[in-house]
**Q** 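This structure is in structure tokens; I'll ask about it shortly.
Values below: every heavy atom of this structure, side chains too, minus hydrogens, waters and symmetry copies. Residue numbers run from 1 in the order of the sequence given.
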Amino acid sequence: FRGNTIQAHVDAPINICGNAIAVLGNSEAAGECTQETHRDGTIVTDGAGQALAGNVVAVNHVLPIQITGNAIAAGGNAETETEASQVSTTGGDITTNGDKGAISGNVVAEQGATPVQITGNGVGAAGIAEANSVADTFASSKGNVVTSGKNSSISGNAVPIPLAPLVEVNGNSAAGAGNASTDSVQ
């Protein structure tokens, strides 16, 4: 049972910047909003010549949330002018070995980055909401999984799960007895 590794990290930072909310008044917000998140999931272990050794189960995920440049007006006027950027990366090499072992050197690893960006939206209810936004988001999941199972039983298997989907809710407008407009560039 030597060298087995279980690693779990989930990072979920929240960036709220440059939003304007007006209730029976006026509100303006401007901002340059930047969010960068990285999780290094490097793991090195060894299960060669052993039984139930050098196995890796890893979850390394970043889930940053960025809420910027949104205008909400209720009986007032709200206006935003923002630039938003978001960079999310995860990964790292995972290295193990199950040579001449039994149920050794196996890897199951999820390394993911799922940035959520909600920017440049306008909501007007008996008011005027105007959101102007330039937004950019990027995600990557990278790294190598290296293992071997030479002259062994049920060893040296790898199940890498790299994920890097983007979730963006940008440039939407909704109004009820009011006005809402957006000018959003992705």
**Q** Is it the case that Q66 and N15 place a side-chain donor and acceptor less than 3.5 Å from each other?
**A**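 Per modelled atom types, Q66 and N15 side chains form a pair under 3.5 Å.
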
**Q** Whether the side chain of N55 engages the backbone of N106 through a donor-acceptor N/O pair (distance < 3.5 Å, no angle test) should be reported.
**A** yes

**Q** Side chain of S27, backbone of A22: donor and acceptor closer than 3.5 Å?
**A**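 No.
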
**Q** Between T37 and R39, is there a side-chain heavy-atom distance shorter than 4.5 Å?
**A** no

**Q** So, do L63 and V116 sit near enough that their side-chain heavy atoms are less than 4.5 Å apart?
**A**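 Of all side-chain heavy-atom pairs linking V116 with L63, at least one is under 4.5 Å.
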
**Q** Got a second to check how far L163's CG is from H61's NE2, nearest 0.5 Å?
**A**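 Rounded to the nearest 0.5 Å, the CG-NE2 separation comes out at 6.5 Å.
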
**Q** Would you say that V167 contacts T114 through its side chain, given a criterion of any heavy-atom pair below 4.5 Å between the two side chains?
**A**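 Counting from C-beta outward, V167 and T114 do come under 4.5 Å.
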
**Q** Is there a chain of hydrophobic side chains (I, L, V, M, F, W, Y, each step under 4.5 Å between heavy atoms) that links V145 to I43?
**A**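 Hydrophobic grouping puts V145 with I43.
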
**Q** Kindly indicate whether the side chain of P162, heavy atoms from C-beta on, has any atom under 4.5 Å from the side chain of Q111.
**A**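 No, their side chains stay 4.5 Å or more apart.
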
**Q** What are the two closest non-hydrogen atoms of S140 and A113, and how far apart are they?
**A**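 In terms of heavy atoms, the two residues are closest at O-CB, 3.8 Å.
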
**Q** How long is the span from the OG atom in S141 to the CD1 atom in I161, to the nearest 0.5 Å?
**A** 10.5 Å

**Q** Looking at side-chain heavy atoms only, is the closest gap between T68 and C17 below 4.5 Å?
**A**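 In contact.
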
**Q** If I compare all heavy atoms of T89 with all of F138, which pair ends up nearest, and what's the gap?
**A**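 In this case the closest contact between T89 and F138 is CG2-CE2, 4.2 Å.
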
**Q** Measuring from atom CD of Q117 to atom OG of S133, what distance do you get when rounded to the nearest 0.5 angstrom?
**A**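 So the CD of Q117 and the OG of S133 are separated by 7.0 Å.
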
**Q** I'd like to know if the side chain of N121 reaches the main chain of N172, judged simply by a donor and an acceptor atom lying under 3.5 Å from each other, with no hydrogens or angles considered.
**A** yes

**Q** Check whether more than 12 heavy atoms from other residues, nucleotides or ligands sit under 6.0 Å from atom CD of Q7, and answer yes or no.
**A** yes

**Q** Calculate, to the nearest 0.5 Å, the distance between atoms OG1 and CZ belonging to T45 and R2 respectively.
**A** 7.5 Å

**Q** Would you give the length of the straight line joining atom OG of S88 to atom NE2 of H38, rounded to the nearest 0.5 angstrom?
**A** 11.0 Å

**Q** Please tell me if the side chains of I16 and I14 come closer than 4.5 Å, counting only heavy atoms from C-beta onward.
**A** yes

**Q** Please examine the side chains of S104 and S155, heavy atoms only from C-beta on, and report whether any two atoms are closer than 4.5 Å.
**A** yes

**Q** side-chain hydrogen bond (donor to acceptor under 3.5 Å, both in side chains) with N19: which of N70, T119, T82, T80?
**A** N70

**Q** If I compare all heavy atoms of A131 with all of G122, which pair ends up nearest, and what's the gap?
**A**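 Closest heavy-atom pair between A131 and G122: CB-N, 4.3 Å.
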
**Q** What pair of heavy atoms forms the shortest contact from T147 to G98, and how long is it?
**A**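 Scanning both residues, the minimum pair turns out to be OG1-N, 4.4 Å.
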
**Q** Assess the residue pair S148 and D99 against the criterion (side-chain hydrogen bond (donor to acceptor under 3.5 Å, both in side chains)); give the C-alpha distance rounded to whole Å, side-chain angles, the decisive distance to 0.1 Å, and a yes or no.
**A** CA-CA 6 Å; S148 177; D99 291 351; 2.6 Å; yes

**Q** So which atom in N60 and which in G41 form the shortest heavy-atom distance, rounded to 0.1 Å?
**A** ND2-CA, 3.5 Å

**Q** Within this structure, what is the CG-CD distance for the pair N97 and Q50, rounded to the nearest 0.5 Å?
**A** 11.0 Å

**Q** Grab the two heavy atoms, one from T96 and one from G47, that are nearest each other, plus how far apart they are.
**A**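 Answer, listing the atom of T96 first, then G47: OG1-N, 4.2 Å.
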
**Q** Looking only at side chains, do T95 and D93 share a donor and an acceptor under 3.5 Å apart?
**A**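 No - no donor-acceptor pair under 3.5 Å links their side chains.
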
